[in-house]
Each structure stands twice: as C-alpha cells, then as structure tokens.
Amino acid sequence: MNIFIAIIYSLILVIQLIVPYVSKEDIFFGVRIPEEAFNNADLSKIKNKYYILVLSLGIPITAGLTYITLTFSNPILMTIGVLALIFIYYGIYIYCNKRTLELKKSMKWQYNNKQTVTIDTTFSKVKNTKSLASPWWFLIPLAIIAVNVLVAYIYYPHIPQTMVKHYNQYGIADAWKQKSSKTIYDMPIVMTILTLIMYVAYKIIGWSKQQINSKNPTESLEKNKRFRYLCSIYFLIISTLLNIMFTFINFTTIGLIKVTSSNIMVFPFVICILIIVSSIVISIYAGQGGSKIRLNKNSTKDSENTDRNDDSYWKFGIFYVNRDDLSLFIEKRFGVGWTINFGRPIIVVFFCALVGIILILHYIN
Amino acid sequence: MLLTIDFESDTPIYIQLKRQIVKGIAKGELVKGESLPSVRQLAEDIGINMHTVNKAYTMLKNEGFIIMDRRIGAVVNPSGFSATKEYQETLTNDLDFIIAEATTRNISKDSFINICNKIYCDYEIKKK
C-alpha cells in the first residue's frame with residue numbers, strides 16, 4: 001500500500017518535471033518567445049531554476065504527503081495536502097512565468113518575422129469525422145456498465161444485506177449502506193456519469209480551436225491531427241480502464257469477488273498508476289499539440305511567418321481569457337491538453353457545472 | 001487550403017481574407033463547389049469578429065466567387081466565374097493606376113509584361 005501511494009505522488013512530481021519539455025517549441029512557461037531567443041542564457045537560467053525549485057520543494061512535499069496519507073485516515077487533511085501540492089507546483093510555474101515575461105520585456109525581443117495566424121479551411125469539416133477515433137468505441141465502456149447492471153440484478157439474492165459504501169486507503173471498510181433495489185445500482189450510476197464525462201472530454205477535442213504553427217503550417221497541421229487522434233484514443237482507453245476498476249470494486253462490494261482487505265486496493269491502484277503513466281508517455285511522445293511528433297515525410301520548407309504575440313490573453317501563463325475569441329476550448333500553454341476560454345461566460349458555467357457534478361457524485365456515495 | 005492573416009498589416013483583414021480566397025481559387029486549392037467554413041467557424045478559427053468574415057464573404061458573393069447555400073453554407077461558385085463588364089472596367093481601372101505608378105518609376109513595358117507572365121505562369125503551374 002505504502003509503495004502505491006508513494007508512486008502516485010512521485011508521478012505527479014514527474015509530470016511537473018516534464019512540463020517544460022512537452023510544451024510547444026516557442027512557448028517558455030506560458031510566454032511566447034521569438035525564435036532568435038530560444039538559446040538565450042537568461043532563459044536557460046529560468047528553466048534551471050524551475051527544475052531546482054520543483055525538485056527541492058517537490059521531493060519533501062511528496063514525502064510529507066505520503067506520510068500523511070499513510071498515517072492519518074483523515075480525508076480533510078489529505079485534501080489540504082493535495083491542494084498545498086497543487087498550489088506549490090503552480091506557484092513555481094507562475095513565478096517562472098513572471099520572470100520570463102520580465103526577461104522578454106527587458107530584452108525587447110523583436111519579432112523580425114511577420115506575425116500571422118494560419119488556419120486550414122477544411123479543418124472544421126474533417127475534424128468532426130475522421131480526425132478522432134470512432135465514437136462507437138464508447139460502446140465498450142458502456143457494455144461494461146451493462147454487465148454491472150445485469151450482474152447486480154441477477155446476483156441480488158446473494159448480495160449481503162449491509163453493503164460496504166466506502167473503503168479507506170488501506171482497503172478497510174469505513175462506511176456501509178443497506179442493500180435495496182436502488183442502492184445496488186449506485187456504482188453503475190457513478191460509472192455512467194464518469195463515462196459521460198469522458199465522452200464530453202472526447203468531443204471537446206473535436207470542438208477545440210485549430211491552432212497551427214505559422215512557421216510551418218503543413219507540418220503543424222499534420223502533427224496536430226495526429227495528436228488529436230491520439231488523445232481521443234487515450235480518453236477511450238481511460239474510460240474503459242476506469243470502468244473495469246469500478247467493476248472490480250462493485251463486484252467486491254456485492255460479494256461476487258472475495259478479496260482480503262490488504263489486497264483490495266492493489267487492483268485500483270495499479271489501474272490508477274497505469275492511467276497516469278500512460279498520460280506521461282503520450283505527453284513525452286507527442287508533446288503539446290503534437291509538437292514533438294516526428295513525421296516521416298519530407299518536411300516542407302519553413303515560411304517566414306511566426307505566430308501572433310498573444311501573451312496578454314494568458315493570465316499567469318495558465319488561464320486563457322479572451323472575450324473577443326469565439327472559441328470555447330483552446331490548447332493549454334501549461335502542459336499537454338486543452339483548457340477553456342475563461343473570457344466566455346457560458347464556458348465558465350459549463351466548467352462549474354462539471355465541478356458540481358463531481359461534488360454531487362461524491363456526496364451521493 | 002491554408003489561409004494566413006497578418007494582424008499587423010496595413011491591409012484590412014477582410015481584404016486579406018477575400019484576396020486569399022480568390023488566390024486559392026486561382027491556384028486550384030479551392031475547387032468549384034467546395035464548401036468554405038461557416039462565418040462563425042472561420043471567425044473562431046482565426047480569432048476575429050464575425051462581422052469581418054461576413055464582410056469578406058459578402059464581397060465575394062457580390063463578385064460571384066462564392067454562393068451562400070442555405071443548407072451547406074458558403075460554397076465556391078459551382079458554375080464558375082465570368083468576366084462581367086463591370087469586372088473588366090474594374091480591371092482596367094486598377095491596372096491603369098498600377099501602370100501609371102510603374103511608368104513614373106521607369107518600369108518598361110517589357111519588364112511589366114515579364115512580371116505579368118511570371119505571375120500567370122505560377123498560377124498555371126499551381127493549377128496543375
């Protein structure tokens with residue numbers, strides 16, 4: 001048990017360390033840097049400072065959190081610990097973001113190349129069909145849910161009268177509920193909501209704004225398409241893995257599978273670690289927006305253009321706020337994936353609703 | 001087709017859009033009957049106001065380059081493009097100004113025609 005928890009917190013540390021590597025080539029800590037400044041010594045200093053800070057603060061915090069999680073069964077303490085972790089990691093990033101902005105300002109780096117925005121007119125046609133893995137694959141996680149519903153129904157007489165409602169991190173039950181024709185479907189309901197959330201995330205890839213590098217648009221377009229396809233497959237796989245994990249927990253709860261309490265957390269932890277590790281692997285392979293993907297074809301010539309200097313919309317290098325931009329979902333500057341345009345009120349509502357659903361899910365159980 | 005918009009340029013964005021679409025048609029990157037992104041989609045992708053895209057599309061429609069199909073949206077005119085009398089007048093006027101400036105800067109007729117030839121050739125090659 002100890003080792004799993006230590007591994008998960010360590011993986012979060014690893015994710016922080018790879019952030020500069022997976023970011024787009026011209027983005028340093030959320031700041032767009034012109035090409036001639038890529039090898040600037042002061043910029044490298046900021047990068048090194050980032051690694052030093054992440055390691056020197058991250059390692060003790062990871063150790064501390066592991067200790068807290070193992071010693072205390074207090075979920076509030078754990079939540080505070082995780083929040084502290086998030087604040088510290090983001091704090092380091094924001095600090096580097098500020099330093100990079102100051103450097104850019106003081107060096108007055110000029111954009112010698114023309115600042116442009118390049119788009120592909122066929123992108124919006126293709127993106128909804130072939131650029132993502134087929135949505136029919138979602139039938140697999142749905143089938144798993146159906147199996148759970150069926151099993152709960154058929155196995156009902158054998159289900160213990162008092163069912164476990166919650167296991168703590170040691171695999172020891174600490175909350176129970178009464179069996180009824182309603183409560184046996186609690187887990188399948190949770191699984192359905194989760195699968196729905198993953199499906200929406202999958203659709204968001206298709207809805208997100210196309211962002212092509214003006215320097216080499218043909219290459220950038222191809223890389224971006226592959227990246228989106230890869231991410232869609234990843235969401236499908238997570239959805240399936242999560243449902244398998246919950247199936248295991250569900251079958252244990254209804255007594256179909258009998259596992260000793262010391263072994264009960266092994267399978268869920270393994271799945272969690274699998275999910276986190278695969279996200280790290282994909283991030284390192286593809287890079288944000290597909291920037292690190294290697295194309296086999298002959299590369300097309302670079303144009304004289306460069307992308308627009310739009311730092312002003314990125315608050316702290318993390319939040320994109322642009323009221324004039326119609327798009328709702330946009331590629332992150334911090335890490336791999338997408339974020340929302342906080343300048344559009346409707347999407348902030350959507351975001352809050354999502355958080356709300358998760359909270360409701362927690363209190364149902 | 002790839003569209004590039006220069007936000008710092010003196011040329012207004014709707015003119016840049018219009019020119020690039022016409023160029024795309026000339027190069028064969030946009031074919032007759034091909035659908036263009038909707039006003040909203042294009043505005044979203046580039047990051048500009050829908051009015052700007054609308055202005056460009058309206059100009060293109062008035063000049064016969066695109067038609068607005070109620071179901072599909074903006075489509076490159078499937079019936080092709082003709083040189084209306086209006087267009088020939090505009091062409092002559094525009095060239096008048098260009099040639100006027102060229103002659104004041106001592107560009108010979110041959111040089112000018114060479115430049116024209118090169119540009120025509122480029123478009124012919126790209127169309128194949």
Side-chain angles (χ1 to χ4, degrees), chain A residues 32 110-129 206-222 224-225 300-310 312-314 320-331 341 343-344 347, chain B residues 1-57 60 65-66 68-69 71-77 126:
Chain A
R32 204 183 281 283
Q110 293 304 337
Y111 277 86
N112 296 321
N113 299 339
K114 216 166 34 159
Q115 292 181 51
T116 59
V117 169
T118 306
I119 62 138
D120 175 33
T121 55
T122 60
F123 195 83
S124 54
K125 280 187 283 181
V126 171
K127 79 178 176 188
N128 289 322
T129 51
W207 295 329
S208 67
K209 178 179 182 172
Q210 64 165 301
Q211 289 167 269
I212 304 177
N213 200 329
S214 281
K215 194 172 101 175
N216 196 330
T218 323
E219 241 185 50
S220 170
L221 183 64
E222 180 60 30
N224 200 263
K225 283 184 184 168
T300 49
K301 212 173 59 158
D302 284 357
S303 78
E304 291 299 306
N305 298 333
T306 186
D307 288 316
R308 255 179 107 194
N309 186 18
D310 49 356
S312 54
Y313 299 124
W314 286 92
Y320 181 71
V321 188
N322 188 351
R323 308 215 65 192
D324 301 323
D325 192 344
L326 286 171
S327 53
L328 303 171
F329 304 102
I330 183 166
E331 282 175 11
N341 179 359
R344 305 268 298 164
I347 202 61
Chain B
M1 177 188 90
L2 291 171
L3 257 180
T4 306
I5 300 291
D6 182 356
F7 280 80
E8 318 291 316
S9 166
D10 292 326
T11 321
I13 293 179
Y14 75 94
I15 299 272
Q16 289 186 49
L17 259 178
K18 179 185 161 243
R19 283 186 183 168
Q20 291 210 31
I21 291 178
V22 172
K23 273 179 141 167
I25 298 175
K27 287 186 221 174
E29 286 171 8
L30 284 173
V31 296
K32 285 191 275 207
E34 180 172 336
S35 66
L36 290 168
S38 66
V39 171
R40 193 198 167 83
Q41 186 65 56
L42 196 55
E44 210 179 280
D45 284 341
I46 299 177
I48 54 179
N49 204 306
M50 283 199 283
H51 294 306
T52 314
V53 178
N54 220 356
K55 210 164 165 180
Y57 274 16
L60 286 165
F65 286 107
I66 66 175
M68 305 295 273
D69 184 303
R71 286 163 299 150
I72 318 174
V75 169
V76 177
N77 197 337
K126 280 176 183 155

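- Using a 4.5 Å cut-off between heavy atoms, A:D120 touches chain B through backbone and side chain atoms alike.
- A distance-only check finds a donor-acceptor pair linking the side chain of B:Q20 to the backbone of B:T4 [under 3.5 Å].
- Neither the backbone nor the side chain of B:S38 comes within contact range of chain A; no heavy atom of the residue lies under 4.5 Å from a heavy atom of that chain.
- Annotation: maximal heavy-atom pairing with chain B below 4.5 Å, among A:I119, A:T118, A:D325, A:L326, occurs at A:I119.
- Between the side chain of A:N341 and the main chain of A:N322, a donor-acceptor pair closer than 3.5 Å is present.
- Contact annotation for B:L42: only side-chain heavy atoms (C-beta onward) come within less than 4.5 Å of a heavy atom of chain A.
- The aromatic rings of A:Y320 and A:W314 are tilted relative to each other, their planes meeting at an angle between 30° and 60°.
- Side-chain contact check for A:T116 and B:D6: no donor-acceptor pair (N or O, by modelled atom type) lies under 3.5 Å.
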